[in-house]
2 protein chains.
Amino acid sequence: MSLTSTDHDFSLESVEVASTPMQRFEEYLQSRAKRMTQQRRRIVEHVFQQHAHFDADDLIDQMQKTAGGKVSRPTVYRTLGELVDAGLLVKMTLRGRAVYEHDYGYPSHDHLYCMKCDSLIEFHSKEIEAIRDAVAEAQNFRVTGHRLIISGICEECSRAARRPNRRLDLI
Amino acid sequence: MSLTSTDHDFSLESVEVASTPMQRFEEYLQSRAKRMTQQRRRIVEHVFQQHAHFDADDLIDQMQKTAGGKVSRPTVYRTLGELVDAGLLVKMTLRGRAVYEHDYGYPSHDHLYCMKCDSLIEFHSKEIEAIRDAVAEAQNFRVTGHRLIISGICEECSRAARRPNRRLDLI
DNA sequence: CTTTGTGCAAAGCGTTTGCACTATT
DNA sequence: AATAGTGCAAACGCTTTGCACAAAG
């Protein structure tokens, strides 16, 4: 990579080697003497076709119904772990279960989490990163990352709750 | 940060009814027609004797060794749940296990989490709350709370890692 | 042909639950 | 006496593992 110019205002895209998640995963596998299998390939293809949060069960179900048929539960778990190691996915825990989302090629962000419908809304804030780094600095703490989840009720769900003729949760 | 409004600087202490965690828990139990038992009393006494993060196993072990003998696992779990309902403890999840800390009478805060020694360092930032509220506002999201965990390596652990003659993790 | 990956079944781990017995009210 | 709580053992839900067979290099 040749950054010969004087100004530092370069776009990431021009610097990065253009590589798809699949290519990157292949590099990762090769670097560890692991193998590209049909299952791994199909999972990567499927996961990076959409940008959504999902858990292991979602993925198992979706693999079953779409692209080429079932992948076993252990293989799904193992592959998700590798995709995290490879830096392609990030894992977080919500309500005690692991939830995954794209990491590679996707800007870092935080989440609003609706406790009613379980949805996640992404947002980014440079200020939070600045505060994070300042706080850590003050404690001589070496930051590797952070996770901020703002919990509450999303617009849609609070609207639904306000509707007069909604289904009542009475005994 | 725009705390531009007129002077809202009142102290919480002067407003609250002076009551200990135990008193508050008793009120909570009465309001729900639940009973104050020996086990519950001993757990509350023990938990509020120190300000530390702990999980169910910690508590079970500590109850065993100290104050009055063993409390069963199910009772510990049940009581922790009630203390959370009562607003005395907050629960968070770290490495897939539930961790508790004081809530009642303790200012809200966020955490630096050392991935090496598992310790939590507390800090408070009004700015984060302001950002949280601004982000939520923009999405018409009704906030009930947030959780920010900054992960990394604490000062002590990075010092340890830098020491030349440290115990090596070799095979 | 060697080595890694897969799928099955079974185990693991933290947490919760059904139930007979005990304690609180 | 009536009712809620305890402790045991067993179940739970998500995730991981041991192992024989299949597939990739």
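In terms of phosphate contacts, B:Y77 brings a side-chain nitrogen or oxygen within less than 4.0 Å of OP1 or OP2 of C:dT15. One finds no side-chain N or O of B:S72 lying less than 4.0 angstrom from the OP1 or OP2 phosphate oxygen of D:dT6. For the pair B:R40 and D:dG5, the criterion of a side-chain N or O lying under 4.0 Å from OP1 or OP2 is met.
B:Q62 CD to B:D57 CG: the interatomic distance, rounded to the nearest 0.5 Å, is 10.5 Å.
For the pair A:I60 CD1 and D:dT16 P, the computed distance is 12 Å after rounding to whole Å. When the P atom of C:dG12 is taken as reference, atom CZ of B:R97 falls 17 Å away, rounded to whole Å. Rounded to whole Å, atom P of C:dT15 lies 11 Å from atom CG of B:D58. The distance between atom CG of A:L94 and atom P of D:dT15, rounded to the nearest whole Å, is 12 Å.
Atom CD of A:E122 has more than 12 heavy atoms from other residues, nucleotides or ligands within 6.0 Å. More than 12 heavy atoms of other shown residues, nucleotides or ligands fall within 6.0 angstrom of atom CD in B:Q50. A:E137 CD: 12 or fewer foreign heavy atoms inside a 6.0 Å radius.
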| request: Going 5' to 3' through nucleotides 20-25 of chain C, assign each nucleotide B (protein heavy atom under 4.0 Å from a base atom), S (under 4.0 Å only from sugar-phosphate atoms) or - (no protein heavy atom that close). | output: ---BBS
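Comparing D:dT15, C:dT15, D:dC8 against the side chain of A:R73 picks out D:dT15 as the nearest. Of the candidate nucleotides D:dT17, D:dG7, C:dT15, D:dG7 has the atom lying nearest to any side-chain atom of B:R78.
The residue from B:H53, B:H146, B:H124 that alone fulfils the ring-ring contact (aromatic ring centres under 6.0 Å, His included) condition with B:H111 is B:H53.
The aromatic ring centroids of B:H109 and B:Y106 lie less than 6.0 Å from each other.
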